[in-house]
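This one's a predicted model, so the numbers in the text were calculated from it and none came from an experiment.
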Amino acid sequence: MSRHILIKNGRVIDPANNIDTIMDVLIEGERIIRTEPDISPPRGARIIDASDTIVCPGFIDMHCHLREPGYEDKETIASGTTSAAAGGFTVVCTMPNTIPVIDSQTGVKFILDRARTTGKIKVLPIAAVTRGSLGEEITEFGDLVAHGAIGFSDDGLPVKNAEILRRAMEYTSMFNVPVMDHCEDLELTGDGVMYEGKVSTLLGLKGIPSAAESTIVARDLELAEFTGGWIHICHLSVARSVELIRAAKRRGVKVTAEVTPHHLTLTDEAVRTTSFDTNTKVKPPLSSEHDRQALIQGLLDDTIDVIVTDHAPHTAMEKDKPFVDAPFGVIGFETAFSVIYTELVM
């Protein structure tokens with residue numbers, strides 16, 4: 001049996017090699033051996049007609065939630081990586097807010113072993129900044145990196161204590177890995193369920209002010225500048241955060257940032273227009289059109305470095321609750337590319 005696959009007539013997009021044209025791709029085993037127009041198929045090759053489709057390198061999602069261990073009713077590494085592969089992802093980085101929290105070498109090894117045995121693609125674990133993500137004591141960064149952690153985050157929660165975050169950034173700088181912070185002032189958020197603005201007022205829902213994010217972004221940038229550590233700002237959602245990061249990058253602060261497809265393409269109006277569809281209940285919340293345009297501009301001028309899914313599955317029963325009671329989060333693996341391409345490229 002031939003080990004060749006020939007992908008014909010696709011629009012091949014490969015930014016690393018500055019390619020964007022119609023051509024064929026010939027694969028032998030696990031290697032791409034030719035990319036050029038009108039390749040003649042080897043004997044017995046499997047031929048895939050990719051006309052009117054895009055052919056590109058596999059995507060990397062550096063922020064997702066695979067839920068295993070502890071929340072297997074929501075997602076498993078097997079089901080999550082199957083979904084990710086269907087969306088074009090070949091590598092995903094999974095957050096540590098599981099049960100137990102991934103804060104030890106045992107947890108990191110569990111993720112890697114489970115991905116190896118049940119996963120469809122490569123999974124890279126992100127370990128917790130603090131033990132149990134309780135914000136009280138930093139984890140063993142060196143040990144966790146040695147066993148496969150590629151970054152640190154208490155995502156789902158901010159690193160609330162500035163002294164803890166300072167020490168975390170100082171230690172992680174020795175290993176050139178980022179602290180990935182969920183920037184949210186929990187006191188400002190309170191029991192808010194959507195972005196604070198005109199729409200939340202009209203709907204009678206408790207709002208989350210934009211300052212709940214931007215104040216923590218400002219603090220994190222100050223600490224990154226002070227320590228020389230690498231801060232990565234998770235799921236940006238408001239214009240002020242973009243402004244702060246842009247200014248910090250100009251000063252040479254070691255900061256990177258991410259944004260999700262839903263924050264790039266939707267606003268708080270979606271809560272109203274979808275009649276309180278709980279898939280529009282995400283954290284940080286869908287913000288204003290002004291914020292959305294600022295996020296797009298941040299991508300265009302490289303203030304924002306990467307698009308991530310923040311894939312955060314829940315059970316249908318959990319999401320099938322009144323808006324105020326449903327959990328925050330939406331899935332995104334299988335729609336990420338199509339949404340971005342349709343809404344921002346075509």
When you look at S210 and E196, which way does the side chain to side chain contact (heavy atoms under 4.5 Å, CB included) test go after all the steps?
CA-CA 7 Å; S210 62; E196 181 181 285; over 6 Å; no

Going through the checks in order, is the side chain to side chain donor-acceptor pair (under 3.5 Å) test met by W230 and T256?
CA-CA 8 Å; W230 177 4; T256 50; 3.0 Å; yes

Can R219 and E222 be said to form a salt bridge (charged side-chain N to carboxylate O under 4.0 Å, His left out), step by step?
CA-CA 5 Å; R219 180 206 67 171; E222 287 290 328; over 6 Å; no

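Residues satisfying the side-chain hydrogen bond (donor to acceptor under 3.5 Å, both in side chains) test with T274, not counting sequence neighbours, are none. Applying the side-chain contact (heavy atoms from CB on, under 4.5 Å) rule to S288 yields the partners Y195, H290, D291; only residues at least two apart in sequence or on another chain are considered. Every side-chain contact (heavy atoms from CB on, under 4.5 Å) that K8 has, sequence neighbours left out, goes to L6, D24, D38, I47.
Residues in residues 66-94 take part in these ring-ring contact (aromatic ring centres under 6.0 Å, His included) pairs, two or more places apart or across chains: F59-F89, F89-F333. For residues 231-263, the set of pairs meeting the ring-ring contact (aromatic ring centres under 6.0 Å, His included) definition, not counting sequence neighbours, comprises H63-H235, H182-H235. Among residue pairs with one or both ends in residues 125-166, those qualifying as ring-ring contact (aromatic ring centres under 6.0 Å, His included) are F141-F152; sequence neighbours excluded.
Proximity of P209 to D185: side-chain heavy atoms (C-beta onward) are nowhere separated by under 4.5 Å. Residues L186 and P158 are in side-chain contact: their nearest non-hydrogen atoms beyond the backbone lie under 4.5 Å apart. Proximity of D220 to C183: side-chain heavy atoms (C-beta onward) are separated by under 4.5 Å at one or more points. The closest side-chain heavy-atom distance from T260 to V308 is below 4.5 Å.
At least one donor-acceptor pair closer than 3.5 Å links the side chain of D181 to the backbone N or O of V159. Put simply, the side chain of K281 gets close to the backbone of A326: a donor and an acceptor are under 3.5 Å apart.
Hydrophobic cluster membership is shared by I307 and I13, with clusters built from Ile, Leu, Val, Met, Phe, Trp and Tyr side chains linked at under 4.5 angstrom.
Side-chain polar atoms of S83 and E334 form a donor-acceptor pair below 3.5 angstrom. A donor atom on one side chain and an acceptor atom on the other are found under 3.5 Å apart for Q293 and E289. Between the side chains of T130 and D154, at least one donor N or O sits under 3.5 Å from an acceptor N or O.
When each of I77, I60, V123 is paired with V92, the side-chain contact (heavy atoms from CB on, under 4.5 Å) condition holds for V123 and for no other. Screening D305, L299, L300, D301 for a side-chain contact (heavy atoms from CB on, under 4.5 Å) involving T303 leaves a single residue, D301.
I304 CD1 to I233 CD1: the interatomic distance, rounded to the nearest 0.5 Å, is 11.0 Å. The CZ atom of R116 lies 12.0 Å from the CZ atom of R114; values are rounded to the nearest 0.5 Å. Expressed to the nearest 0.5 Å, how far CD1 of I331 lies from SG of C64 amounts to 13.0 Å. The CZ atom of R166 sits 12.0 Å away from the CD1 atom of I138 when rounded to the nearest 0.5 Å.
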